[in-house]
There are 2 protein chains.
Amino acid sequence: MGQGEAKVTAPAFDATVQLFADRQPGQPVDPQCPVRDVLDRIGDKWSTLILGTLATGPHRFSAVQRAIPDISKRMLTQTLRDLERDGLIARTVFPTKPPSVEYRLTPLGVTILEPLTSLVRWANQSHAAIREARLAFDQAS
Amino acid sequence: MGQGEAKVTAPAFDATVQLFADRQPGQPVDPQCPVRDVLDRIGDKWSTLILGTLATGPHRFSAVQRAIPDISKRMLTQTLRDLERDGLIARTVFPTKPPSVEYRLTPLGVTILEPLTSLVRWANQSHAAIREARLAFDQAS
DNA sequence: CGTCTATGGTCTCACTTAATTACCTTGTGT
DNA sequence: ACACAAGGTAATTAAGTGAGACCATAGACG
């Protein structure tokens with residue numbers, strides 16, 4: 001045993017591995033680990049949808065809600081604030097008669113669109129295969 | 001108002017927008033939407049860490065646990081099974097004296113490493129800026 | 001013989017987050 | 001006065017996560 005554990009499946013991804021595994025084996029994972037930090041942020045239910053919406057340009061609160069019909073006001077507020085806190089989006093209040101608030105991507109927020117896009121592309125290319133795999137798995141049980 | 005909502009922040013991401021917004025505005029989001037499907041899967045707390053671990057080669061159950069020290073057996077089992085169900089990893093049982101089980105990426109599983117890598121790269125490049133933004137945000141409140 | 005260790009799990013229970021529903025505040029048109 | 005909209009908060013409920021006991025098997029130890 002223990003002989004097959006060190007083989008490299010895809011040599012091209014060595015750099016990836018370094019990034020994924022930048023922690024001491026056998027020690028608790030660093031809670032500040034940037035990878036987990038960002039994936040925990042954008043991995044929630046709504047962040048990517050909001051970022052994708054704001055990628056088309058600035059939106060007011062209600063415009064984001066119209067663009068993502070099945071989000072509750074509560075989660076929209078909270079997710080927008082989390083994204084603002086992380087510097088990915090900016091919030092601007094206009095003192096109009098009913099005050100309006102505009103949300104837009106910051107320069108930092110724009111930079112996440114590229115890696116996000118490759119993930120989205122992968123999802124589109126792979127979701128048929130994934131659904132097939134699920135079907136096969138469920139039938140085998 | 002309503003004049004600033006259609007402006008495009010980054011024209012290069014129009015394709016992204018198409019992918020993000022492949023649903024009817026005003027209608028409930030398609031629960032089969034491939035983007036949400038995959039992001040809900042790999043966006044959980046452990047999937048990416050497991051994929052990153054298996055990117056270095058096949059691992060046995062306990063080897064994955066050693067590589068990710070702060071995962072509980074329960075979540076390891078569950079996440080491995082979810083990934084197996086989606087066809088991203090394969091599970092092979094060897095009938096040794098205490099049966100050993102090997103997990104490895106499938107060809108489909110290997111294909112997600114590339115988009116995942118760009119996200120990880122982004123996280124490493126941006127986490128300093130994000131932490132600064134958080135600090136500034138928290139001090140302003 | 002009885003106990004100990006090891007693998008790869010499962011099961012139950014408690015706890016921490018995430019998410020939905022309902023409500024509040026301010027202003028505006030009728 | 002009344003309904004309505006924007007933006008947000010409070011209280012409630014659902015889901016995700018974790019700690020630890022337990023299981024089946026088999027070989028080594030004493």
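Computed from a predicted structure; not experimentally measured. Letters A, B, ... are given to chains in the order of the sequence lines, protein chains preceding strands, and every chain is numbered from 1.
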For this session: Using a 4.5 Å cut-off on heavy atoms from C-beta on, say whether the side chain of A/E84 contacts that of B/F137.
Result: yes

Exercise. Salt bridge or not for A/K45 and B/D40, using N-O below 4.0 Å?
Worked result: no

Exercise. Does any residue of residues 76-85 of chain A have a heavy atom under 4.0 Å from DNA chain C, and if so, which ones, in number order?
Worked result: none

Problem set entry | Those residues that, when tested against B/S126, pass side chain to side chain donor-acceptor pair (under 3.5 Å) (two or more places apart) | B/W122

Exercise. Under 4.0 Å between a side-chain N or O of A/S62 and OP1 or OP2 of D/dA6?
Worked result: yes

Problem set entry | A/I130 side chain near B/L108 side chain, heavy-atom distance below 4.5 Å | yes

Exercise. For DNA chain C, which nucleotides open and close the run of contacts to chain A, 5' to 3', at under 4.0 angstrom from a non-hydrogen atom?
Worked result: C/dA19 to C/dT28

With 3.5 Å as the limit, what N/O pairs link the protein to nucleotides 28-30 of chain D?
none

Problem set entry | side-chain contact (heavy atoms from CB on, under 4.5 Å) against A/A123, all qualifying residues, sequence neighbours excluded | B/V38

Seminar exercise, completed: Sequence neighbours excluded, the answer for side-chain contact (heavy atoms from CB on, under 4.5 Å) partners of B/A133 is none

Quick test: give all pairs of protein nitrogen or oxygen and nucleotides 11-15 of chain D nitrogen or oxygen below 3.5 Å, distance rounded to 0.1 Å.
| residue | atom | partner | partner atom | Å |
| --- | --- | --- | --- | --- |
| D/dA11 | N6 | A/R74 | NE | 3.4 |

Exercise. If you look at every heavy atom in A/G57 and A/H59, which pair is closest and at what distance?
Worked result: O-ND1, 2.7 Å

Problem set entry | Donor-acceptor pair, side chain of A/T106 and main chain of A/L88, under 3.5 angstrom | yes

Problem set entry | Atom-pair distance (NZ on B/K73; P on D/dG16), nearest Å | 23 Å

Table please: side-chain donor-acceptor pairs of residues 75-83 of chain A below 3.5 Å, with sequence neighbours left out.
| residue | atom | partner | partner atom | Å |
| --- | --- | --- | --- | --- |
| A/T77 | OG1 | A/K73 | O | 3.0 |
| A/Q78 | OE1 | A/R74 | NH1 | 2.4 |
| A/T79 | OG1 | A/M75 | O | 2.7 |

For this session: Please assess A/L105 against A/I112 for the test side chain to side chain contact (heavy atoms under 4.5 Å, CB included), listing each intermediate value before the final yes or no.
Result: CA-CA 10 Å; A/L105 294 180; A/I112 202 182; over 6 Å; no

Exercise. B/F94 near the nucleic acid: base, sugar-phosphate alone, or nothing, with a heavy-atom cut-off under 4.0 Å?
Worked result: nothing

Exercise. Of all residues at least two apart in sequence or in a different chain, which pass the side chain to side chain donor-acceptor pair (under 3.5 Å) check with A/S72?
Worked result: none

Exercise. Ion pair present between A/R85 and B/D138, side-chain N to carboxylate O less than 4.0 angstrom?
Worked result: yes

Problem set entry | Ion pair check, B/E102 and B/R104, cut-off under 4.0 Å | yes

